[in-house]
Amino acid sequence: MAAGSESQVIAAEIERIEPKIPLLFDRDDTFYAKIDKVPVDVVSARSMRIPLEIYPGGKSGLYSLDGGDLGRGDMPTYQYGSLSPVSHKHGIEWTTARKVGTDSSKKAVVNAFQRDFKSAMKEWRRNIDSLCMTAGNGVLGTVGAITTAGGNDTYVLGFTGGTRLDGFGARLVRYGMDIALYNSTLTAYRTPVNPPPSTMSSLEGTISYYSAQQDTITVPSFTGASVGDLVVLSGAAPSIPPVAFLGVPYHNNNSTAGMWLTFNRATTPAVIATGVNANGGALTLPYPRLAMNLIMDRVGINYNQRLQAWMHMCQKQAYEELGFEVSIINKEVKEQGLDLYFGDNMQMAGAPVQISASWDKTRIDFIDLDNWGRAEYMPPGWYKDENGLRYFVVRGSTGGVATSNLAYLTCSFNLWMRNPAAGAYVYALSVPAGYY
């Protein structure tokens, strides 16, 4: 007779489930966490005015004390820019079975409902942080290559072959995110080849595959999708051009074309920030010093600033490697562990180094948070109806109640810089090897 096997008692064995659930993705909100703490200007639905003393006044010159004419005078010129709040939402939806199925330690190792609600706020803040990296148009990525198969488009973002198109790749998008697709000039949007589900915008597609390592996403095919097209956040289409939060590259921008708030950059150089072009080269010490000196050249050496040097970790590494070239190891007369790296208390020309995984890998921005503001129409929080309810029941196809619920995180605000002349950045830096 055969010996009893383990397969005969497997039904009686206890199943072990690891109670600690790791995150296989990031939830960084590094820059937004700082901006969230700057003073808030509460605004109405009307545009907020930002007054600027844009030109000096008075008429200076020589004159004669011997009956000379003193001439006429003048006064400073004040103008104002204006901006409007932008509304952003983050919706979550769950079924009753999802909630009830994990509401007890006897059923599950985690209460999914409670965990998911805490996670929703973190995810929402992470996505707002991503929008703070954009230039007011909600562009989250640049299509560098396209493969179409089975009704789906696979896009490589940020690269065409070995050529880098932007400093983000696929960093700013997320798995499951709904996105729109615009042409390279944001003058037209693409439409999906096949209509998406009626529960979402007819102009958008959902990311069904996401690889951070390969900067690759897959979405249902868009008609006419081309290399150079721009991935834009949900809710932007059909606006031309799309409009979103005015992020860092909108304000810290040395372009002489386009608009800053209501000012034409081409005719108002005073509102143009200072940029130092690295021309695709590696970080060297003169670049940051030049950027900071040019700020003083614009606003004077007595202009009080508390600059921070914001960058991706790759540029922090490039900066650290400059330090390796001049470092000397001083050995004390005691047992010491070996650490050939610098600590985190780095400064760049006196400005504390701040890192963000979502920062443009090709630039370093010198930012004084006292020079930034937030115009807030509606503070961040859970959306509530007139009865104070924040959970909403989904209706079934018959009009009856469905065993499914909705909730939304919402806000309405925008970012602004008080003095663009006090902003500077280094751009077109090369990215150290190994970073995608």
Side-chain angles (χ1 to χ4, degrees), residues 22-36 122-123 125-135 140-142 156-159 162-175 210-216 247-249 252 275-276 278 280-289 291-292 307-327 339-369 424-436:
L23 290 179
L24 275 66
F25 50 88
D26 77 281
R27 281 223 169 96
D28 293 349
D29 64 345
T30 315
F31 183 69
Y32 177 64
K34 297 284 188 180
I35 287 292
D36 195 32
K122 296 177 182 178
E123 178 67 11
R125 290 177 63 91
R126 194 273 189 193
N127 291 335
I128 292 178
D129 185 76
S130 294
L131 288 175
C132 291
M133 304 297 109
T134 64
L140 302 176
T142 307
V156 176
L157 300 183
F159 293 90
T163 302
R164 186 179 288 273
L165 300 176
D166 60 41
F168 299 110
R171 170 69 193 186
L172 303 184
V173 298
R174 303 290 267 180
Y175 176 85
Y210 171 79
S211 172
Q213 304 94 313
Q214 298 175 326
D215 286 309
T216 300
V248 172
N252 225 13
V276 174
L283 174 65
T284 61
L285 292 179
Y287 291 144
R289 176 61 75 188
M292 298 178 75
L307 290 173
Q308 297 176 345
W310 281 86
M311 66 193 75
H312 187 272
M313 298 85 69
C314 68
Q315 296 302 336
K316 181 181 178 181
Q317 176 182 323
Y319 184 49
E320 185 178 48
E321 290 175 359
L322 293 176
F324 291 160
E325 297 176 6
V326 296
S327 64
D339 188 351
L340 297 180
Y341 292 88
F342 292 95
D344 288 332
N345 189 26
M346 288 188 184
Q347 292 192 347
M348 183 174 282
V353 170
Q354 302 284 345
I355 59 172
S356 167
S358 295
W359 214 263
D360 187 332
K361 298 181 183 71
T362 66
R363 58 187 277 163
I364 297 173
D365 288 86
F366 293 93
I367 289 176
D368 177 7
L369 291 174
Y425 64 108
V426 181
Y427 65 100
L429 288 161
S430 64
V431 177
Y435 289 91
Y436 45 83

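Model, not experiment: these values are computed from the prediction.
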Check: Arg171 and Asp28: salt bridge (Lys or Arg N to Asp or Glu O under 4.0 Å), yes or no, with the steps?
Finding: CA-CA 11 Å; Arg171 170 69 193 186; Asp28 293 349; 3.7 Å; yes
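Using a 4.5 Å heavy-atom cutoff, the side chains of Gln214 and Val156 are not in contact. Residues Thr30 and Gln354 have side chains not in contact (no heavy-atom distance under 4.5 Å, counting atoms from C-beta outward). Between Arg125 and Asp36 there is a side-chain heavy-atom pair separated by less than 4.5 Å. By the 4.5 Å heavy-atom criterion applied to side chains, Trp310 and Val248 are not counted as neighbours. In this structure the side chain of Met348 reaches within 4.5 angstrom of the side chain of Leu283, judged on heavy atoms. Between Phe168 and Thr142, the closest side-chain pair of non-hydrogen atoms is not below 4.5 Å.
The aromatic rings of Phe31 and Trp359 stand perpendicular to each other, their planes meeting at an angle above 60°, with 30° marking the opposite boundary.
Residues Ser430 and Gly280 approach most closely at CB-O, 3.3 Å, considering heavy atoms. Ala309 and Ala351 make their closest contact through N-CB, 4.0 Å (heavy atoms, listed as atom of the first residue, atom of the second, distance). Scanning all heavy atoms of the two residues, the minimum distance from Leu285 to Tyr319 falls at CD2-CE1, 3.9 Å. Of all heavy-atom pairs spanning Ala318 and Pro432, the tightest one is CB-CG, 4.2 Å. Considering all non-hydrogen atoms of both residues, Met313 and Tyr435 come closest at O-OH, 4.1 Å. Among all heavy-atom pairs drawn from Ala282 and Tyr287, the shortest one is O-CE1, 3.6 Å.
In this structure a side-chain-to-backbone donor-acceptor pair under 3.5 Å is missing from Asp368 to Leu307. Judged purely by atom type and a 3.5 angstrom limit, Asp129 uses its side chain to pair as donor or acceptor with the backbone of Tyr32. With Asp365 contributing its side chain and Ile367 its backbone, the two residues share no donor-acceptor pair below 3.5 Å. Distance alone, capped at 3.5 Å, is enough to place a donor-acceptor pair between the Lys361 side chain and the Tyr436 backbone.
Between Lys122 atom NZ and Arg27 atom CZ the span is 7.0 Å, to the nearest 0.5 Å. Rounded to the nearest 0.5 angstrom, Thr134 OG1 and Leu140 CG are separated by 7.0 Å. From Asp215, atom CG reaches atom CG of Leu165 across 10.5 Å, with rounding to the nearest 0.5 Å. Interatomic distance, Arg126 CZ to Leu172 CG, rounded to the nearest 0.5 Å: 7.0 Å. To the nearest 0.5 Å, atom CZ of residue Arg363 and atom CE of residue Met133 are 9.5 Å apart. Rounding to the nearest 0.5 Å places CD1 of Ile35 at 12.0 Å from CG of Asp29.
Applying the side chain to side chain donor-acceptor pair (under 3.5 Å) rule to Lys34 yields no partners; only residues at least two apart in sequence or on another chain are considered. Taking the ring-ring contact (aromatic ring centres under 6.0 Å, His included) definition, one finds that Tyr427 meets it with Tyr425, sequence neighbours left out.
Within the structure, the salt bridge (charged side-chain N to carboxylate O under 4.0 Å, His left out) test picks out the following pairs touching residues 315-324 (sequence neighbours left out): Lys316-Asp344.
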